[in-house]
Amino acid sequence: MKNLLILSLLCSYLSIAQVPTDHQMDLYTIIDEVSADRIENDVRTLADFGTRNTFSDTVSNTRGIGAARRWIKAQFDQISKECGDCLEVFYQKDFVSTDMGSRIPKDAWVVNVVAIQRGTSSPNDMVMMSGDIDSRASDTMDFTTDAPGANDNASGMAGTIEAARVLSKRKFKNSIVYVGLSGEEQGLFGGKGLAEYAKKKKWNVIGFLNNDMIGNIEGVDGVINNREFRIFSEPTDPTETERQRNGRRFYGGEVDGISRQLARYIHKSVKTYMPEMKPMMVYRLDRFGRGGHHRPFADLGFPGIRIMEAHENYTQQHQDIRTENGIAYGDVVEHVNFPYARKLTAVNAINLAQLAWAPSRPQNVKIGGIVEAHVKFKWDKVKDAVGYKIYWRDTTSPTWDNSRYVGDVNAYTLKGIVIDNSFFGIAAIGKDGIESMVSFPSGTFR
């Protein structure tokens, strides 16, 4: 009996660690199903609304943000119809007034479009992907001048719609939320409103993937690259307590907040399933002095990252359409590389799928081993997990480089590894081999 139990555990380990499961193999199919042609059609449609400035026309059926958001909702409605009403599609809105910021030219509703694909067993656990609906001209207060916003950010919005088309064909234990956000150019108002809505509804946001400009491969610096992209994430949690902040001086964790763990998860996933791509983890909340719609989610303690092109072209962002000194300014469709946008959409899709299939990340992870020859751990068991994996890395490494599967336990000792020289974390593994995000230890024990 004992030998049979050992054999059973060994087979279970081998199936998790080595032989790809159906879900893991399906990730390659998801990549193949993402369509550059559909993304191009959607970008062209969004650009054809003339301007999508948050304060532009809301009545016209052919111009302005009102027409754009109704079209986006219609796309989600059609996707839902094709998957047997699998999406809950609705508007979420908040009112903004001129006294709320210097970029608000008039009082108006900031309206987001939301589509929820409910999970089968953990519907309140949400992984989210967003694109921005709105665009802007050179003057952000100018809501009448043409501002097609083909790359910024029809590309991210089209990618979000395309991800919904592909993933809605599948079932997931956790929910996936596809979102079109407004008010980004005026101060991240759409993201702020939805983040507060999520907190009010007590959503457990596993991760928020903000896609803002995923279609340009020709940088203003002359670099042309269709494989590199950036993942922005801040190092620590802005909601942490003073005690947690002080603890880092003694235990580490300066670059191990939940948003950084989400960035590492995406980096590892891409290196595994899309090795032709070159993800760049940027250790910064966003570009220097700039912002994106993942920030309001991070502000409330949710894991939030930004996925975007590696090489920006500033002549094609926030510019009136014109030609000066031989330079063509403006964010027009001709500058969008649709095969590249397809790749970054696929990056999102495979990570949405994995996080929606995966168990929750372990909670109450504690670490011990001070002045000892071994490092030890304990954690709370996770629903739907069949085992756990301990990860560790050199303190100077950006990625989790070493791991050990330890089975269905809630405590383990790594013998012969000294706690001082590495950082450690724990991930939960589901029966289909899909892993959760890594949890960095939140406390110590002796």
Side-chain angles (χ1 to χ4, degrees), residues 42 45-78 80 87-116 126 128-137 139-149 152-154 156-158 160-161 164 177-201 203 205 208 210-212 291-297 299-300 302 304 318:
D42 291 349
T45 299
L46 288 164
D48 283 345
F49 288 114
T51 177
R52 302 187 308 279
N53 187 293
T54 298
F55 301 93
S56 61
D57 194 318
T58 61
V59 178
S60 170
N61 289 322
T62 58
R63 183 177 178 84
I65 196 165
R69 68 189 179 222
R70 288 190 293 274
W71 178 83
I72 292 167
K73 183 177 183 297
Q75 298 308 299
F76 285 140
D77 285 336
Q78 180 60 35
S80 183
L87 301 181
E88 301 170 22
V89 184
F90 60 93
Y91 294 120
Q92 183 273 319
K93 62 182 182 179
D94 293 278
F95 193 73
V96 297
S97 55
T98 55
D99 62 346
M100 295 173 65
S102 60
R103 291 187 173 189
I104 302 176
K106 61 179 181 177
D107 296 357
W109 288 99
V110 172
V111 182
N112 301 320
V113 186
V114 183
I116 303 175
M126 311 281 195
M128 307 175 71
M129 177 182 179
S130 77
D132 298 324
I133 303 173
D134 58 312
S135 66
R136 59 165 285 186
D139 180 2
T140 190
M141 302 288 277
D142 178 0
F143 51 83
T144 59
T145 296
D146 278 357
D152 183 14
N153 185 24
M157 188 67 253
T160 303
I161 295 170
V177 185
Y178 314 95
V179 186
L181 297 171
S182 298
E184 193 266 351
E185 301 290 2
Q186 284 72 35
L188 311 179
F189 287 105
K192 184 175 184 293
L194 185 61
E196 291 174 348
Y197 178 89
K199 189 169 185 178
K200 181 180 179 181
K201 293 290 186 179
W203 289 359
V205 179
F208 183 84
N210 171 35
N211 286 257
D212 196 345
H293 258 145
H294 56 300
R295 192 181 84 193
F297 283 83
D299 287 344
L300 294 184
F302 299 130
H318 304 173

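When reading the values below, keep in mind they use all heavy atoms of this one structure, side chains included, and skip hydrogens, waters and symmetry mates. Here the structure is a predicted model, which means the values were calculated and not measured.
Between Leu87 and Ile116, the closest side-chain pair of non-hydrogen atoms is not below 4.5 Å. Side chains of Phe189 and Ile104 form a contact here, defined as non-hydrogen atoms less than 4.5 Å apart. Trp109 has its side chain within reach of Phe95: a pair of non-hydrogen atoms, C-beta onward, lies under 4.5 Å apart. Inter-residue side-chain proximity for Ile72 and Met157 is flagged as met; some heavy-atom pair is nearer than 4.5 Å. The shortest side-chain heavy-atom distance between Leu46 and Arg52 falls under the 4.5 Å cut-off. Contact of the Arg69 side chain with the Asn112 side chain is not registered, since no non-hydrogen atoms from C-beta on lie closer than 4.5 Å. Val89 places none of its side-chain heavy atoms less than 4.5 Å from the side chain of Val114. By the 4.5 Å heavy-atom criterion applied to side chains, Asn211 and Ser130 are not counted as neighbours.
Rounded to the nearest 0.5 angstrom, Lys201 NZ and Gln92 CD are separated by 10.0 Å. To the nearest 0.5 Å, the span separating CZ on Phe49 from CG on Asp57 amounts to 11.5 Å. To the nearest 0.5 Å, the span separating NE2 on His294 from CG on Leu188 amounts to 9.0 Å. Atom CD of residue Glu185 and atom CZ of residue Arg103 lie 7.0 Å apart, to the nearest 0.5 angstrom. The OG1 atom of Thr160 sits 13.0 Å away from atom CD of Gln75, with the distance rounded to the nearest 0.5 Å.
Remark: the Gln186 side chain and the Thr54 side chain contain an N/O donor-acceptor pair separated by less than 3.5 Å. There is a side-chain donor-acceptor pair under 3.5 Å between Asp142 and Thr145. If you check the side chains of Thr51 and Asn53, you find no donor sitting under 3.5 Å from an acceptor. Using modelled atom types and a 3.5 Å distance limit, the side chains of Asp132 and His293 yield a donor-acceptor pair.
Between Glu196 and Lys192 there is a salt bridge, since a side-chain N of the basic residue sits under 4.0 Å from a carboxylate O of the acidic one. Between Arg63 and Asp146 a salt bridge is recorded (basic side-chain N to carboxylate O distance below 4.0 Å).
Listed for the Asp107 side chain is a donor-acceptor partner under 3.5 Å among the backbone atoms of Thr98. At distances below 3.5 Å, at least one donor-acceptor pair connects side-chain atoms of Ser56 with backbone N or O atoms of Ile65. Listed for the Asp94 side chain is no donor-acceptor partner under 3.5 Å among the backbone atoms of Val110.
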Task: Trace of the side chain to side chain contact (heavy atoms under 4.5 Å, CB included) decision for Ile133 with Leu181 - done: CA-CA 6 Å; Ile133 303 173; Leu181 297 171; 5.9 Å; no
Open item on the list: side chain to side chain contact (heavy atoms under 4.5 Å, CB included), that's the test. Do Phe208 and Met126 meet it? Break it down for me.
Closed with: CA-CA 9 Å; Phe208 183 84; Met126 311 281 195; over 6 Å; no
Open item on the list: Would Val179 and Met128 count as a side chain to side chain contact (heavy atoms under 4.5 Å, CB included) here? Give the steps.
Closed with: CA-CA 7 Å; Val179 186; Met128 307 175 71; 4.2 Å; yes
- [ ] Take Trp203 and Tyr197 through the ring pair (Phe, Tyr, Trp, His ring centres under 6.0 Å) test and state the conclusion after the steps.
- [x] CA-CA 9 Å; Trp203 289 359; Tyr197 178 89; 5.6 Å; yes
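Here the closest non-hydrogen pair linking Ser182 and Val111 is OG-O, 2.6 Å. Taking each heavy atom of Ala147 and Ala137 in turn, the nearest pair found is CB-N, 3.7 Å. Smallest separation of non-hydrogen atoms from Phe76 and Ala164: CE2-CB, 4.0 Å. Between Gly149 and Ser135 the shortest heavy-atom distance is CA-CB, 3.9 Å. The minimum heavy-atom distance linking Ala195 with Pro296 is given by the pair CB-O, 3.8 Å. Nearest heavy atoms, Asp42 versus Ala158: CB-CB, 3.7 Å.
Residue Trp71 is tested with Thr45, Thr62, Val113 for a side chain to side chain contact (heavy atoms under 4.5 Å, CB included); the sole match is Thr45.
Environment of CZ in Arg295: sparse, with no more than 12 heavy atoms of neighbouring residues, nucleotides or ligands closer than 6.0 Å. The local environment of NZ in Lys200 is sparse, with at most 12 non-hydrogen atoms from other residues, nucleotides or ligands closer than 6.0 Å.
A cation-pi arrangement is present between Lys106 and Phe143 under the rule of less than 6.0 angstrom and at most 45 degrees off the ring axis.
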